[in-house]
Amino acid sequence: RRPRSGPSCWGPVPTLPRRERCNERCNELDGPAAANCKIAKKLGTNRCKLGGDEEAAPVGASDSKLLNRRLRSFLMRHGAFPEAQRSTAWRQLLALPRDQDAYEALGSRRLGHAQRMASRAQLNSATEHERLVRILSALLSWSPVLAEMPSMTLVARRFAAAFGDEVLAFE
């Protein structure tokens, strides 16, 4: 006999938990699945819309597409995401990889030029200045042509403020 082929050979298909366990399950998830679940809860698009003892649909790419569609719709209606969920929502929509290693590898190559650019910005604190220098340094290492852009410091500063996380602001 030949072995069976198809999804059953790869193990059980993951399913969303029932309604009464949805919040517990959402807190146990890691990575993109946790971000999707938290965004869905905050935007009122809870993925556990089941009644009784029914099982949920499998978790997969279609859930991500549905969430992206709902995020775009929310953005069109309201013009912005709530500040607490902004970076997570944009990370989901833009499919940012959050590659910390690549960011750190680029970070210290053009430090002097980044410091000169950041010194022109009027920043409130030394912490903001250091963050902006690190982001600018990574951007200039990635593409030195960006140093010729007069508004590069302002653009980097806006992304740093919007995302809060240096890696996401860089990406």
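What you see below is based on every heavy atom in this structure, not just the backbone, and it leaves out hydrogens, waters and symmetry mates.
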Is a side-chain N or O of [X] found less than 3.5 angstrom from the main chain of [Y], in a donor-acceptor match?
{"X": "Arg86", "Y": "Phe163", "value": "no"}
{"X": "Ser143", "Y": "Leu140", "value": "no"}
{"X": "Ser151", "Y": "Leu154", "value": "no"}
{"X": "Ser137", "Y": "Val133", "value": "no"}

Might you point out which heavy atoms bring [X] and [Y] nearest each other, and give the distance in Å?
{"X": "Ala161", "Y": "Arg131", "result": "N-NH2, 4.3 Å"}
{"X": "Val167", "Y": "Asp99", "result": "CG1-N, 4.0 Å"}
{"X": "Ala156", "Y": "Leu139", "result": "CB-CD1, 4.3 Å"}
{"X": "Ser141", "Y": "Leu106", "result": "OG-O, 2.9 Å"}

Determine which pairs satisfy salt bridge (charged side-chain N to carboxylate O under 4.0 Å, His left out) with at least one residue from residues 161-171, sequence neighbours left out, and list them in order.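 Sorted pair list: Arg98-Asp165, Arg134-Glu166.
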Could you walk me through whether Phe159 and Phe170 pass side-chain contact (heavy atoms from CB on, under 4.5 Å), step by step? CA-CA 8 Å; Phe159 274 90; Phe170 164 73; over 6 Å; no
Is Leu123 reachable from Ile135 through a run of hydrophobic residues whose side-chain heavy atoms are each under 4.5 Å from the next?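 Cluster IDs for Ile135 and Leu123 match.
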If you group Ile, Leu, Val, Met, Phe, Trp and Tyr by side-chain heavy-atom gaps below 4.5 Å, do Leu111 and Tyr103 land in one group?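 No; tracing contacts between hydrophobic side chains, which count when under 4.5 Å, never links both residues.
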Do Trp90 and Phe81 have ring centres separated by under 6.0 Å?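 Yes: the rings meet the under 6.0 Å criterion.
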So, taking the atom named OG in Ser87 and the one named CD in Gln92, what distance separates them when rounded to the nearest 0.5 Å?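 Ser87 OG to Gln92 CD: 12.0 Å, rounded to 0.5 Å.
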Please walk me through it: do Arg157 and Thr153 pass side-chain hydrogen bond (donor to acceptor under 3.5 Å, both in side chains)? CA-CA 6 Å; Arg157 183 179 178 191; Thr153 305; over 6 Å; no
Do the non-hydrogen side-chain atoms of Val155 and Met149 ever get within less than 4.5 Å of each other?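 Answer yes - side chains close enough.
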